[in-house]
Colleague: 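Can you keep this structure in mind? I'll have questions shortly.
In the text below, chain A, chain B and the rest are named by the order of the sequence lines, each starting its count at 1.
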Amino acid sequence: MKARWDILVVDDEEIMCESLAAWLREDGYAVDTAASGREALEKAKAKDYAIYFVDLKMPGGIDGIETMMEIRKLRPDASIIIITAYATVDTAITAMKEGAQEYIVKPCNPAEISLLVERIIRVKNLQRENTILRQKLTRQYRCHDIISKNPRMREIIELAAEVASLRSTVFIRGESGTGKELVARAIHNSGDRASRPFVGVSCAALAETLLESELFGHEKGAFTGAAFQKKGKFELANGGTIFLDEIGDISPKLQVDLLRVLQERSFYRVGGSEEVHVDVRVIAATHVNLEEAVREGKFRDDLFYRLNVIEVRIPPLRERREDIPLLVQHFIERLSHELGKDVGEISECGLRLLLDYDWPGNVRELENAIERAMVTCKNRVLTEEDFGFLSTALGERKQWSVPTHLSLQEVERQVITATLDRNQGNIKETASVLGIDRSTLYEKIKRYAIPR
Amino acid sequence: VNVFYLAAVGDVDGDVMEAADACVWDRFGFETRRLAPLPDPVNAYDLRRNQYSSVPILRDLVSRRPADAVRLLALTEKDLFIPMLSFIYGQAQLGQSVALVSLARLRQEFYGLPPNQRTLLARTLKESLHEVGHTFNLVHCPDPACVMSVATNIRQLDRKTGAYCRTCGVLLSESLSAVRRRAVASGETR
């Protein structure tokens, strides 16, 4: 594993270069040598070394400190260790000021140099891991990474990409587990705020007072236990995006505060008198019918209209069953990696079972089901038996059978009525689910005298 | 090219040479031979440090390596150093053919303790297997019990078991097989 890291030893003394390089190679590192500052710079241009050992005193041309400064310009992330035979406080301070990571006096104890290199490599390994994880996280949540071939989902993905760079508030609606946060992250990561923070808050998880200080922060002494000033999520998201999940659950007082932030882009910390200004894009989400809450007076209509600028409705998984095979394959690939299981595919019967299931918990439930099946699976292929835990729910569903005593018109009437009920009378949604256009739906509602 | 040579640089305890010889034959399975004792490495002596620089000694050993040598392991009583470090127990050419081990700091006397021949032999064998391991391309092993783990003080050296761990053992076997195949091929060419 160590061989992935390259080290360059820079010293005009051949024996010094050769012996240190040999010693480091025995430790498993790939080591090159350079006899002068100039040669070191040439080599630094050609290869990205993780660590440079640079001798402070090199006659002719450029000395150790100058070499280090030039290397730092070329390779800002490299770690440079300055070596000298004469330790003085002045040279140590100069070396460290100019960016040396360490400063060692030769000859040193073998343990010292071993530990030093090990420590630097440990940090570099963590940095590399961090970069990979960050890339992975960002990649996972870009618009084009959302898996779907459903026309409504494709529309949502296109809309998300279009509005990504605007500051307008986005309101995401959908049942639990449909991927509201995923869409919110995709919008954030596809826009020009991508490099800024994305801060998520679940409004349902906290009591009113806690949520208030969580969102807006508090001043020292604002309440018992407020020993320090604390920044709220709005301040932490400054320049970026705040994602307010389960917005339908916030209290009337917080609705007023939130309305003010959306209008003024400013607020007061709890217990504070100084106005805090922020540049934050708000993305809100809910799984409840907010129009109904507005009608019942539980949710402020002015806040509702402020939030509902760009509306995104994510369909439940049962209404986009064509995505199930794609999602299943995606989860198998990802989880086989994470769980370290050699599972590569799903049998036809297994997939049929997943296609027949209703997925009340949507994509999240599907992901959990795949994970559970993979944990217990003994083979390379997931089969129907691995999803035994779904059979109870399926058994109930299978009790429904094709009616043989009804006319085709009656079946159509019942299907339209049930679909309208499920979509709370929304014509556009119902027509989309039934796969017919709106005018045809209106015509059929009229023909069958279906109440709305 | 299938003879494992041993050499003494300056005066070296005969029992220690015998033990190293037996250990090499036992572990690597090559025929062993001794080079005539080499003189004191006066050109490697550093008056200021009162130690011997390992690099010129290794270079000298490379020049003296017989044509049929598969490896050459040299032992010396001299205290060795490289410019960067205050001392080294030994040095080898990674993936090449020459290794050098110093007995100076393996002796209990170095630490102000009474001499102990058994301890000296055990340490010498561990350090020899370690340096020869480098010539077969083995690098330092994270398992502190493995003979290929790095020892920067005598306690760490004593903690090693004197055997290669499973991973290093497998890598060594692969390397040894490749060396043997080359030895057979060169014999056939001749």
Colleague: Need one label for B:Q96: side chain, backbone, both or neither, based on atoms under 4.5 Å from any heavy atom in chain A.
Modeller: neither
Colleague: Which answer fits B:F81, side chain, backbone, both or neither, if we ask what part of it has an atom under 4.5 Å from a heavy atom of chain A?
Modeller: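 Neither part.
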Colleague: Checking side-chain hydrogen bond (donor to acceptor under 3.5 Å, both in side chains) between B:Y5 and each of B:R33, B:E31, B:R64, B:R71, which is the one that passes?
Modeller: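 Checked B:R33, B:E31, B:R64, B:R71 against B:Y5; only one passes side-chain hydrogen bond (donor to acceptor under 3.5 Å, both in side chains): B:R33.
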Colleague: Does CG in B:D158 sit with more than 12 non-hydrogen atoms of other residues, nucleotides or ligands closer than 6.0 Å?
Modeller: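 Counting neighbours around CG of B:D158, more than 12 heavy atoms of other residues, nucleotides or ligands fall under 6.0 Å, so yes.
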Colleague: Is it the side chain or the backbone of B:A151 that comes within 4.5 Å of chain A heavy atoms, both, or neither?
Modeller: neither
Colleague: Name the region of A:I113, side chain, backbone, both or neither, that has any atom closer than 4.5 Å to a heavy atom of chain B.
Modeller: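 A:I113 touches chain B through side-chain heavy atoms alone.
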Colleague: For A:E26, which atoms come within 4.5 Å of any heavy atom of chain B: side chain, backbone, both, or neither?
Modeller: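 Both the backbone and the side chain of A:E26 come within 4.5 Å of chain B.
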Colleague: Under a 4.5 Å heavy-atom cut-off, does chain B meet the side chain of A:A22, its backbone, both or neither?
Modeller: side chain
Colleague: I'd like to check the ring pair (Phe, Tyr, Trp, His ring centres under 6.0 Å) partners of B:F4; sequence neighbours left out, ordered by chain and number.
Modeller: B:F28
Colleague: Does the cation-pi check pass for B:R27 over B:Y164, that is, NZ or CZ under 6.0 Å from the six-membered ring centre and within 45° of its axis?
Modeller: no
Colleague: Is the ring pair A:Y52/A:Y49 parallel, tilted or perpendicular, if the boundaries are 30 and 60 degrees?
Modeller: perpendicular
Colleague: Looking at B:I88, B:V139, B:L85, which one has more heavy-atom pairs under 4.5 Å with chain A than the rest?
Modeller: B:L85
Colleague: Cation-pi check for B:F30 against B:R180: NZ or CZ below 6.0 Å from the six-membered ring centre and within 45 degrees of the axis, yes or no?
Modeller: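 Pair B:R180/B:F30 counts as cation-pi.
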Colleague: Looking at B:V150, B:N153, B:T152, which makes the most heavy-atom pairs under 4.5 Å with chain A?
Modeller: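 Most heavy-atom pairs within the cutoff with chain A belong to B:T152.
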